[in-house]
Structure formats: structure tokens, C-alpha cells
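Sequence lines set the chain letters: A, B, ... in the order given, protein chains first and strands last, and positions in each chain run from 1. Because the structure is predicted, anything quoted here is derived from the model rather than measured.
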Amino acid sequence: MIKVLFFAQLRDQLGVSELSVSSDENPNVQVLLNNLKNKDEQWEKLLSRATLMVAVNQTISNKTATLSSGDEVAFFPPVTGG
Amino acid sequence: MIKVLFFAQLRDQLGVSELSVSSDENPNVQVLLNNLKNKDEQWEKLLSRATLMVAVNQTISNKTATLSSGDEVAFFPPVTGG
Amino acid sequence: MIKVQTEDFNQQVQYDRLRQASHTGAVVTFTGLVRDINQGEKISALTLEHYPAMTEKALADIVEQAKLRWSIINATVIHRVGELQLLDQIVFVGVASLHRGDAFAACEFIMDYLKTQAPFWKKETNSVGESYWVDARESDQTALSKWDIV
Amino acid sequence: MIKVQTEDFNQQVQYDRLRQASHTGAVVTFTGLVRDINQGEKISALTLEHYPAMTEKALADIVEQAKLRWSIINATVIHRVGELQLLDQIVFVGVASLHRGDAFAACEFIMDYLKTQAPFWKKETNSVGESYWVDARESDQTALSKWDIV
């Protein structure tokens with residue numbers, strides 16, 4: 001399984017902070033994103049933003065990153081700390 | 001009269017920290033410098049250095065600055081504070 | 001030293017730790033504070049959310065990047081999370097080096113990188129009690145260009 | 001605040017003064033210390049000479065130049081003179097601004113300018129008791145080029 005996390009306004013808008021998905025069906029970030037977008041129009045819209053950031057196993061990553069069981073993938077809006 | 005000051009290694013090498021010169025004979029910094037260099041070979045050498053800095057009335061200045069009675073002119077080597 | 005914490009931090013303690021190593025000639029510190037005004041709006045409070053498993057790792061990575069680029073004797077990053085009040089301290093970055101050029105550059109680089117790469121998010125409450133997530137500033141992205149990243 | 005003094009200064013006191021003004025979002029401080037080594041030579045002490053009638057004026061001018069270029073809420077420069085020991089603090093520059101870019105740039109500009117324009121001179125004593133005036137570093141001149149001066 002792959003653990004998927006959402007943060008900040010993205011989490012608020014999706015109404016979900018965490019979910020698990022099958023690693024077989026989600027071999028990389030791009031496929032995972034496509035599968036998540038298929039949930040409904042709201043997910044499609046929120047996860048299509050050009051500014052969406054992704055971290056794989058707590059490191060900033062990109063859509064080509066491959067995934068395997070046990071990985072943690074986080075999606076979040078542009079960071080605003082500091 | 002014009003008050004002339006020397007600082008740091010320049011003062012040590014000249015052996016003088018302060019002197020007074022006539023304002024009539026020293027209408028600008030360049031003339032003042034030339035007059036001082038005429039004292040002897042050591043003065044000629046030390047005051048000919050390209051790195052020599054000059055301040056007129058406590059403001060960094062240059063050789064074209066005009067002088068009048070009551071002015072304070074300081075010559076010093078490159079600064080090394082901070 | 002890298003820390004993510006809810007508690008406040010003390011400037012003198014952090015500065016004293018940074019200045020103590022042999023050969024240190026320059027210490028540069030940056031402190032970010034909760035402004036009482038942001039993008040024209042009067043602010044009454046700020047909440048900082050983060051991605052706990054990732055934040056310290058992200059900050060440590062940024063410091064490592066800085067160490068590859070500049071000569072650094074000592075570096076500290078402290079970032080607060082949770083509820084903050086007006087004028088509270090949010091973040092501290094301090095760098096000690098032999099010479100000032102390295103300390104200035106590394107400190108600013110760490111802040112510029114942190115602003116765009118470290119997983120913290122600000123939620124402001126304005127003076128009439130409305131809460132909203134703070135938008136990312138485009139100037140934080142453009143600030144990165146001086147380091148040849150992006 | 002501009003000060004030239006023989007006494008030491010306190011980081012927290014200076015920082016607290018800088019951070020207190022309304023709208024302040026960023027405070028950058030620089031502190032220069034007496035290194036225990038300079039250009040390969042082991043140092044045992046340092047004497048700072050200055051041109052008393054000019055130093056505070058020169059520092060104030062530099063801060064004014066910085067205020068023309070960047071948005072500054074508050075700025076402090078303290079420079080010590082006289083006899084200093086190893087690891088002693090020599091100079092403090094602190095700048096408070098709305099945003100970090102202004103605070104970083106103004107603080108570094110003030111230091112770069114001070115290094116080449118303010119009338120202070122260092123005399124070092126090495127570990128075998130020899131005293132000599134410190135040579136100006138060419139890198140301090142070249143540091144100015146990033147501000148389009150020289």
C-alpha cells in the first residue's frame with residue numbers, strides 16, 4: 001500500500017487528510033494523480049493545479065517519481081513558511 | 001590655516017600626526033599634497049601611493065577638492081575596520 | 001542545529017552558540033516575525049501548519065545545500081509551528097563563517113530556499129476574525145533565481 | 001542608532017530594539033569578531049584606531065545611503081575601538097524591514113561600505129608579540145562592485 005497525505009488548504013478543500021492506495025495500481029506519481037483525479041470534479045480541479053507540490057518519502061519530488069509499497073506521498077499547495 | 005591629520009601606518013611612517021598649513025598656499029588637496037611631498041623623499045614616497053585616501057572636513061573626498069581656512073584634511077591608508 | 005518547535009527561541013542563546021567556534025569571524029542572523037499587516041490586511045494572529053515527518057529533514061537538506069556552496073563553520077535553523085501572536089518570532093536562521101560574504105550568502109540562501117521548499121503553511125486571522133490560508137508570494141519564487149536554482 | 005565605543009555590546013539588547021517597530025517582518029544582524037587567525041598568522045590581540053571626529057558621521061552617511069536604496073524600518077551600527085581580545089565582538093550591524101530582501105541587502109551593503117569607507121584601522125599582535133598594521137583586503141574592494149559603486 002501507498003500512504004497519501006494532503007496538507008493545508010488542499011486538505012481543507014478535499015476534506016481528506018490521509019488515504020491509502022494500492023501500490024500495484026499506482027506505479028508512479030503521475031498515475032496516482034490521475035487515479036485520484038478520477039474521484040470527482042472537485043478532485044480533478046484541485047489536483048490539476050500547476051502549483052501543486054509533491055513529496056515522496058518526505059523529499060520534494062515530481063510526477064515522474066516511481067512508487068512502491070510502503071512509500072509516503074504528500075500533495076500540498078505552495079509552501080508559505082518562514 | 002588648514003589642519004592636516006595623518007592616521008595609522010601613514011602617521012607612524014611620517015612620524016607626525018597633525019600639522020597646520022597656510023590656506024593661501026594650499027587652495028586644493030592636490031596642491032597641499034604636492035607641498036607636503038616636497039618635504040623630503042620619505043614624504044614624497046608615502047604620499048604618492050595610489051591607495052592614499054583623503055577626507056576633507058570628515059568626508060571622504062578626492063584631490064580636486066578645494067580648501068579654505070578652517071578646513072580639516074586627513075590623509076590615511078586604506079581603512080581596515082569591520 | 002535544526003529545530004521545529006512550538007516554543008519561542010532566544011536570540012542571545014542562538015547567537016552565542018554560533019559565535020563560539022574557533023576561526024569564526026562573521027555571524028549573520030535572520031529572524032522572521034509575525035507582521036501586524038500583510039498585503040494590506042490587518043492581522044490579529046497566525047497559525048503555522050507543517051508536515052511533521054518532513055520539516056526537519058527539509059531544513060537539514062537546505063543547510064547541506066548551503067554547505068556545498070559556501071564555507072560555513074556553524075549553522076542554525078529554528079522554525080516555529082502552531083499558534084503565534086503579532087510580533088512573535090517565526091523563524092531564526094544563523095550562520096557563522098570565517099568571512100562575511102559566506103555568512104550573508106548562506107543565510108539568505110537558506111531563507112530563500114526555506115520559503116519555497118520547506119513544508120510550512122501559514123493561516124492568518126484578520127482583525128474581524130476571518131481565517132484564511134496565506135497565498136504564496138511570487139517574489140519568493142523569483143528570489144531563488146539569484147542562486148541559479150528554480 | 002550609530003555608536004563608536006570601547007565597551008562591548010549585547011546582541012539581545014540590539015536585536016530587541018530592532019524588532020520592536022510596527023510592520024517589522026524581518027531582522028538581519030551581522031556581527032564581526034576578532035578571529036584567532038588572519039591570513040595564516042595566529043593572532044593574540046587587536047587594536048582598533050579610528051578618526052574620532054569622522055567615524056560616527058561616516059557610519060551615519062552609510063546608513064543614509066542604504067535608506068535611499070532599500071526600505072528600512074530601523075538600523076543600528078556599533079563599532080568598537082581600542083584594545084580587543086580574541087573572539088571579542090568588533091562590529092554590529094542590524095537592519096529591520098518589512099521583508100527579508102531589503103534587510104539582507106541593506107545589512108550587507110552597510111558592512112561592505114563600512115569596510116572600505118569608514119576610518120578604522122586594525123593593528124594585530126601575533127602570538128610571538130609582533131605588532132603590525134593589517135593590510136586592506138582586495139576582496140573588500142571587489143565586494144563593492146555588487147552595489148554598482150567603486
Practice task
Against chain C, label D:Y15 side chain, backbone, both or neither, depending on which of its atoms sit under 4.5 Å from a heavy atom there.
Solution key: side chain
Handout entry: Interatomic distance, C:Q12 atom CD to D:D16 atom CG [nearest 0.5 angstrom]
Key = 9.5 Å
Handout entry: Ring centers of D:F104, C:F104 separated by less than 6.0 Å
Key = no
Practice task
Inspect the surroundings of NZ in C:K3 and state if more than 12 heavy atoms from other residues, nucleotides or ligands are less than 6.0 Å away.
Solution key: no
Problem - Winner by heavy-atom pair count (cut-off under 4.5 Å) against chain C, out of D:V34, D:L86, D:N10 - result: D:N10
Exercise for the section: Evaluate the side-chain proximity of C:T31 to D:R19: yes if any heavy-atom separation is below 4.5 Å, no if none is. Expected result: no
Exercise for the section: For the residue pair D:Q11 and C:V27, establish whether any side-chain heavy-atom pair is separated by less than 4.5 Å. Expected result: no
Problem - Pairs of heavy atoms under 4.5 Å with chain C: top-ranked of D:A143, D:G94, D:C107, D:G101 - result: D:C107
Completion exercise
Heaviest contributor of heavy-atom pairs below 4.5 Å to chain D, chosen from C:V13, C:V91, C:D36, C:I90, is C:D36
Problem - Cationic N near anionic O, under 4.0 Å, C:R100 to D:D140 - result: yes
Completion exercise
Rounded to the nearest 0.5 Å, the CG atom of C:L87 sits from the OG1 atom of D:T24 at a distance of 8.0 Å
Problem - Among D:V93, D:V28, D:I43, residue most engaged with chain C (heavy-atom pairs, under 4.5 Å) - result: D:V28
Exercise for the section: Tell me, for D:A26 versus chain C, whether the close heavy atoms (under 4.5 Å) come from the side chain, the backbone, both or neither. Expected result: both
Handout entry: Side-chain touch C:H99/D:R35, heavy atoms, less than 4.5 angstrom
Key = yes
Problem - More than 12 heavy atoms from other groups under 6.0 Å of CD on C:E138 - result: no
Practice task
Check each atom of D:D112 against the heavy atoms of chain C and say whether the ones under 4.5 Å are side chain, backbone, both or neither.
Solution key: both
Exercise for the section: Give, as side chain, backbone, both or neither, the part of D:L98 having an atom under 4.5 angstrom from any heavy atom of chain C. Expected result: both
